[in-house]
Amino acid sequence: MVSTGDWTFGLEIWLPGVPNPIDIRGTDEASALLADKWPVTFGSAFERALSVCAAVLDGTMHPDSAKRALIDAAEAIGVSWMDRVYHVPARSEVFARGPSISRSH
């Protein structure tokens, strides 16, 4: 069974009419956002995001799949998002691992 814990990296989502970004750390929060506050509640990207969130919560998909589906739903309707890093590594950790790449839209 797959864990439904927090994502590797969260997201900040900027919904229309909401003055501050919404911080989403995992599938539970993504599912609630889609159900309660998502501005467009139709379309294939929205429906897929709901379906993937349900599969993650059932334990049949990896949690980061829900993150990707939420990003796809956001991009389908022009909602801005940005990866959110909760842990900033010490300099020595960065040099040991090499550079990381973060995406935003």
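- Between the side chain of Asp83 and the backbone N or O of Phe9 there is no donor-acceptor pair closer than 3.5 Å.
- Between Met61 atom CE and Cys53 atom SG the span is 10.0 Å, to the nearest 0.5 Å.
- Between Arg48 and Ala69, the shortest heavy-atom contact is NH1-CB, 3.5 Å.
- Thr27 contributes no side-chain N or O that, together with a main-chain N or O of Ala66, makes up a donor-acceptor pair within less than 3.5 Å.
- Between Trp81 and the options Leu11, Ile24, Leu70, a side chain to side chain contact (heavy atoms under 4.5 Å, CB included) holds for only Leu11.
- Remark: Leu50 engages Leu34, Phe46 in a side chain to side chain contact (heavy atoms under 4.5 Å, CB included) (not counting sequence neighbours).
- No side-chain heavy atom of Arg68 sits less than 4.5 Å from a side-chain heavy atom of Asp64.
- Applying the salt bridge (Lys or Arg N to Asp or Glu O under 4.0 Å) criterion to Glu12, with sequence neighbours excluded, gives Arg84.
- For the side chain to side chain contact (heavy atoms under 4.5 Å, CB included) test, residues two or more places apart in sequence or in another chain that qualify with Pro16 are Pro39, Val79.
- Atom CD1 of Ile13 sits about 12.0 Å away from atom NZ of Lys37, to the nearest 0.5 Å.
- Looking only at side-chain heavy atoms (C-beta outward), Ile77 and Trp38 come within less than 4.5 Å of each other.
- Separating the CG atom in Asp23 from the CG atom in Asn20 is a distance of 11.5 Å, to the nearest 0.5 Å.
- Panel note: side chain Ser65, backbone His62; a donor-acceptor pair is recorded below 3.5 Å.
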